[in-house]
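Atom set for the values below is all heavy atoms of this structure, side chains included, hydrogens, waters and symmetry mates excluded.
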Amino acid sequence: MKNTTFSLSDTELLSATKTLVREERELSIKVLWHLREVEKRMLFARRGFQSLYEYAKVELGYSEGAAHRRIASMRLLKELPELESKVESGALPLSTLAQAHSFFRAEKISESQIKRELIVELENKSYREVQKELITRSTQPEKHFCESIKPVSLSHHKMSILLDEAMLKDLEELRAILSSSKGSLSVQEVLQFALK
């Protein structure tokens, strides 16, 4: 495909970008419709895949996250098809639908009306705002957050943990105590000191 954006005027470029974003959202809905039908007909199994998720990763070339978002969104839209217009408008991105779908499953929420009411609260929110809202509403917040340690280089790792308010307060108090004698410390330095 040839890139012709350089030949567009500023006005044309901005207009074309808006049009493409609208078309991209409409196309996303069509992809979800197709995935729903592939699942319904069990076509992934006929192609030798054990799940729709595996099919989406291997055959369609989606990353793990992209496959999960599309399948979770597809399943939620299957139950609540009226949300499709919100996806097309951008008020509900696939990441929000996927988070909501996972939340409903973990919390064992099956009533469609409760789902609708919560999803209205999630419209036009960022990924982090949605995550915060769902964890706040959870009966067991730890179920929605997996602790993880991932390598980011040969010598460094990124750690994600869930702290409640009491733990965060304790961490900040320790940081204040140590900083009074050692100067301003990062959370990493406080943890390193505590572990030693």
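- Annotation: side chain of K57 is not in contact with side chain of E54 (no heavy-atom distance under 4.5 Å).
- Residues L118 and L134 have side chains in contact (heavy-atom distance under 4.5 Å, counting atoms from C-beta outward).
- Partners of E133 by salt bridge (Lys or Arg N to Asp or Glu O under 4.0 Å), not counting sequence neighbours, listed by chain and number: K125, R137.
- In this structure, CD on E147 lies 9.5 Å from OG on S160, to the nearest 0.5 angstrom.
- Considering every non-hydrogen atom in both L76 and H101, the closest pair reads N-CD2, 4.1 Å.
- Side-chain atoms of Y62 and V31, non-hydrogen and from C-beta on, do get closer than 4.5 Å to each other.
- By the salt bridge (Lys or Arg N to Asp or Glu O under 4.0 Å) test, R75 pairs with E39, sequence neighbours left out.
- Within a 6.0 Å sphere centred on CZ of R22, other residues, nucleotides and ligands contribute more than 12 heavy atoms.
- Residue-environment remark: CZ (R47) stays at or below the threshold of 12 foreign heavy atoms within 6.0 Å.
- The backbone N or O of Q99 lies less than 3.5 Å from no partner atom in the side chain of S102, so there is not a single donor-acceptor pair.
- Hydrophobic clustering of Ile, Leu, Val, Met, Phe, Trp and Tyr side chains at less than 4.5 Å, counting indirect connections, keeps V120 apart from L97.
- Side chain of T136 to backbone of K132: a donor-acceptor contact under 3.5 angstrom is found.
- Y127 and V87 fall into different hydrophobic clusters, where Ile, Leu, Val, Met, Phe, Trp and Tyr side chains are chained together by heavy-atom contacts under 4.5 Å.
- Environment of CD in Q113: crowded, with over 12 heavy atoms of neighbouring residues, nucleotides or ligands closer than 6.0 Å.
- The minimum heavy-atom distance between A56 and L60, with the atom names listed, is O-CB, 3.3 Å.
- Taken together through direct or relayed side-chain contacts under 4.5 Å among Ile, Leu, Val, Met, Phe, Trp and Tyr, I114 and L92 form part of one hydrophobic cluster.
- Aromatic ring centres of F44 and Y55: separated by at least 6.0 Å.
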Q: Check step by step if side-chain contact (heavy atoms from CB on, under 4.5 Å) holds for T139 and E107.
A: CA-CA 7 Å; T139 56; E107 295 289 322; 2.8 Å; yes
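- The number of heavy atoms from other shown groups lying within 6.0 Å of NE2 (H157) is above 12.
- Between K40 and R36 there is no side-chain heavy-atom pair separated by less than 4.5 Å.
- Side-chain contact between M167 and D164 is present, with at least one heavy-atom pair separated by less than 4.5 Å.
- Under the salt bridge (Lys or Arg N to Asp or Glu O under 4.0 Å) criterion, R175 pairs with E172, not counting sequence neighbours.
- The number of heavy-atom neighbours closer than 6.0 Å to CD of E173, taken from other residues, nucleotides and ligands shown, is above 12.
- Under the 4.0 Å criterion applied to side-chain N and carboxylate O atoms, K115 and E111 are not assigned as salt-bridge partners.
- Between the side chain of S73 and the backbone N or O of L94, at least one donor-acceptor pair lies under 3.5 Å.
- In this structure the side chain of E84 reaches within 4.5 angstrom of the side chain of W33, judged on heavy atoms.
- Under a cut-off of 6.0 angstrom, the local environment of CD in E117 is crowded, with over 12 non-hydrogen atoms contributed by other residues, nucleotides or ligands.
- In this structure the side chain of E189 reaches within 4.5 angstrom of the side chain of S186, judged on heavy atoms.
- Closest heavy-atom contact between L185 and S179: N-OG, 3.4 Å.
- A 6.0 Å sphere centred on CD1 of I149 holds no more than 12 heavy atoms belonging to other residues, nucleotides or ligands.
- In this structure, NZ on K86 lies 11.0 Å from CD1 on I119, to the nearest 0.5 angstrom.
- With hydrophobic clusters built from ILVMFWY side chains whose heavy atoms lie under 4.5 angstrom apart, V152 does not share a cluster with L191.
- For the pair L8 and L14, the minimum side-chain heavy-atom distance is 4.5 Å or more.
- Put simply, CG on L178 and OG on S184 are 11.5 Å apart, with the number rounded to the nearest 0.5 Å.
- Linking ILVMFWY residues whenever their side-chain heavy atoms come closer than 4.5 Å, directly or via other members, places L168 and L174 in the same cluster.
- Counting non-hydrogen atoms of other residues, nucleotides and ligands closer than 6.0 Å to CD of E64 gives a total of 12 or fewer.
- Rounding to the nearest 0.5 Å gives a distance of 11.0 Å between NE2 of H68 and OG of S63.
- Between the CD atom in E88 and the CD atom in E23 there is a gap of 12.0 Å [rounded to 0.5 Å].
- Atom CG of residue L163 and atom CG of residue D170 lie 10.0 Å apart, to the nearest 0.5 angstrom.
- A salt bridge does not link K30 to E26: none of the charged nitrogens lies less than 4.0 Å from a carboxylate oxygen.
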